[in-house]
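What follows is a short report on a single structure.
Fair warning: this is a prediction, and the values are worked out from it, not measured in the lab. One-based numbering along the sequence shown.
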Amino acid sequence: FKVTEYSFTEVAEQDEIDLTGSIAELRDIDKQKVSTRFMSYAIRANDTFKIWWDSLVLIIAIYNSFTIPLELSFNEYRTLFDQYYYSELNVFCTLVFVLDIFLQMNTTYYDSDGEEIYTKKKIIFNYMKGMLVIDILSSIPIDSGPWKIINILKVVRVFKLPGIINKMNVDEESKSVLRMGFLVFELVICLHLIGCFWNMIVSSNDYWVPPLDFVWCGRYPHIYRFYGEDLHYRYFVHYYNAVLFLGGNEMGPRTNQEI
C-alpha cells in the first residue's frame with residue numbers, strides 16, 4: 001500500500017513538472033511568434049532598401065552642408081537659391097528627414113557582440129542614446145528668425161557615410177579608398193563652415209581686412225574694396241582665409257567680436 005501511494009505521488013509530481021515545462025515551452029513559442037511578427041515589419045540593418053535609403057539621406061545632407069552655411073552667412077545666396085526652387089527642395093528634404101526618423105526606429109542594429117537586435121524597445125532606446133535628438137531638431141522646418149541656426153544640424157547627417165561604406169558589398173581596398181575620400185570631404189566641409197562662420201562675424205561691421213589687403217591698411221578707400229566685390233569672390237576669400245586659419249596664420253581681427 002505504501003509503495004502504491006508513493007507511486008501515485010511520484011506520478012503526480014512528474015505530471016506537474018511536465019505541465020510546467022509545457023507552459024514554459026508555450027511561452028517560448030509565443031515569444032518566438034512575437035519576435036517573428038516584428039521581424040516581418042522590421043528593416044534589417046544590411047537590407048538593400050536601407051542602404052539605398054541611407055544613400056538618399058546622405059546626398060541630401062551633402063547638399064545641405066553646402067547650401068545652409070551659405071544661406072545663413074550670405075543673405076545674397078538665399079536670393080540666388082530661390083531662383084532654383086530652393087524652398088521646394090527644403091520641403092522635400094524635411095519630409096525625407098522626418099520619414100527617416102520613423103525608419104530608424106524600426107531598423108535593427110548590431111550590438112557590441114555582433115548580434116543583430118530585433119527587440120523594438122532596444123532599438124528605440126539605442127536610437128535615443130544616439131542621433132534621435134539631433135535628427136528631431138534638424139527636421140524642424142525653420143525658415144526664418146534667430147532659431148534658423150538650428151538648420152546647421154542637418155550637416156551632422158553627413159557622418160552616416162562611414163556606416164554606408166562599411167555595408168557596401170565591395171572589397172576592403174575599395175572601402176579604404178572611399179574612407180580616404182570621406183576624410184578629404186570632411187576637410188572641405190570644415191573649411192566651408194569656417195569660412196561662412198567668419199563671414200557672419202565680420203559682416204556685422206565691415207571693418208575686417210582680408211590678408212591680401214593688409215598692404216592697404218589705413219589707405220581709404222582701398223581698405224573697403226573687399227565688401228564691394230562680387231558675392232562669389234567674397235566667399236572664396238573667406239574660404240582661403242579658412243585655410244590660413246587652420247594653418248595658424250594671422251586672421252587680422254579688428255574688433256573685439258572678431259578677436
Side-chain angles (χ1 to χ4, degrees), residues 38 41-75 77-110 117-168 178-179 181-183 185-194 196-197 200:
F38 175 70
Y41 294 103
I43 302 173
R44 300 288 299 274
N46 292 328
D47 189 78
T48 303
F49 165 76
K50 189 62 171 60
I51 295 176
W52 281 107
W53 175 262
D54 287 342
S55 300
L56 172 63
V57 173
L58 177 65
I59 292 173
I60 295 176
I62 293 175
Y63 161 78
N64 285 330
S65 64
F66 285 101
T67 57
I68 290 177
L70 288 174
E71 178 191 355
L72 292 175
S73 59
F74 295 89
N75 295 327
Y77 270 113
R78 178 56 191 262
T79 305
L80 180 63
F81 291 158
D82 283 338
Q83 301 176 10
Y84 301 96
Y85 305 101
Y86 183 69
S87 298
E88 290 78 3
L89 285 173
N90 279 343
V91 173
F92 172 74
C93 295
T94 300
L95 292 176
V96 171
F97 287 159
V98 171
L99 182 58
D100 183 62
I101 293 175
F102 291 99
L103 290 179
Q104 292 293 339
M105 290 183 177
N106 293 278
T107 302
T108 62
Y109 72 96
Y110 291 93
I117 304 300
Y118 294 92
T119 308
K120 186 67 175 291
K121 290 183 179 180
K122 291 183 178 180
I123 290 175
I124 295 178
F125 183 70
N126 181 70
Y127 189 31
M128 290 175 62
K129 293 190 299 181
M131 299 287 293
L132 177 61
V133 176
I134 294 178
D135 287 350
I136 292 176
L137 291 176
S138 63
S139 300
I140 299 175
I142 302 176
D143 198 43
S144 60
W147 291 104
K148 189 177 179 181
I149 191 68
I150 293 179
N151 289 329
I152 201 69
L153 293 176
K154 290 182 171 67
V155 180
V156 180
R157 293 177 183 262
V158 170
F159 295 100
K160 289 186 176 183
L161 180 56
I164 296 177
I165 294 175
N166 292 333
K167 296 177 183 177
M168 295 178 66
L178 292 173
R179 292 188 186 103
F182 177 67
L183 291 177
F185 173 74
E186 280 186 312
L187 177 61
V188 172
I189 291 298
C190 180
L191 294 174
H192 175 66
L193 292 174
I194 293 174
C196 292
F197 179 70
M200 292 177 62

Distance in Å, [X] [atom1] paired with [Y] [atom2], rounded so as to fall on 0.5 Å steps:
| X | Y | atom1 | atom2 | answer |
| --- | --- | --- | --- | --- |
| S65 | I60 | OG | CD1 | 12.0 Å |
| L132 | Y127 | CG | OH | 5.5 Å |
| E88 | C93 | CD | SG | 11.5 Å |
| I62 | T67 | CD1 | OG1 | 11.5 Å |
| I150 | L72 | CD1 | CG | 11.0 Å |
| Y109 | Y118 | OH | OH | 12.5 Å |

Specify whether H192 and F66 have parallel, tilted or perpendicular ring planes, treating 30° as the upper limit for parallel and 60° as the lower limit for perpendicular.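 Correct class here is tilted.
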
Over 12 foreign heavy atoms within 6.0 Å of NZ, K148: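 Above 12, so yes.
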
Neighbour count >12 (heavy atoms, 6.0 Å) for atom CZ, F197: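 Atom CZ in F197 is not packed in, count stays at 12 or less.
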
If every non-hydrogen atom of [X] is compared with every non-hydrogen atom of [Y], which pair is closest and at what distance?
| X | Y | result |
| --- | --- | --- |
| Q104 | I123 | O-CG2, 3.8 Å |
| F182 | V158 | CE1-O, 3.9 Å |
| S139 | I101 | OG-CD1, 3.7 Å |
| S73 | C196 | CB-O, 3.1 Å |

Taking side chain as C-beta onward, heavy atoms only, is [X] less than 4.5 Å from [Y]?
| X | Y | value |
| --- | --- | --- |
| I140 | L137 | yes |
| I124 | M128 | yes |
| Y110 | N46 | yes |

Testing V57, D54, I134 one by one against R157 for a side-chain contact (heavy atoms from CB on, under 4.5 Å), which residue passes?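 Result for side-chain contact (heavy atoms from CB on, under 4.5 Å) with R157: V57.
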
Can you tell which of I43, L58, D100 makes a side-chain contact (heavy atoms from CB on, under 4.5 Å) with W53?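 Exactly one option meets the side-chain contact (heavy atoms from CB on, under 4.5 Å) with W53, and it is D100.
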
Compute whether any side-chain donor of one residue and acceptor of the other, for N151 and K154, lie under 3.5 angstrom apart.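 Looking only at side-chain atoms, K154 and N151 do form a donor-acceptor pair, the distance falling under 3.5 Å.
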
Give the intermediate values and the outcome of side-chain contact (heavy atoms from CB on, under 4.5 Å) for residues T107 and D47. CA-CA 9 Å; T107 302; D47 189 78; over 6 Å; no

Apply side-chain contact (heavy atoms from CB on, under 4.5 Å) to residues L183 and R179 and explain how you reach the verdict. CA-CA 6 Å; L183 291 177; R179 292 188 186 103; 5.9 Å; no

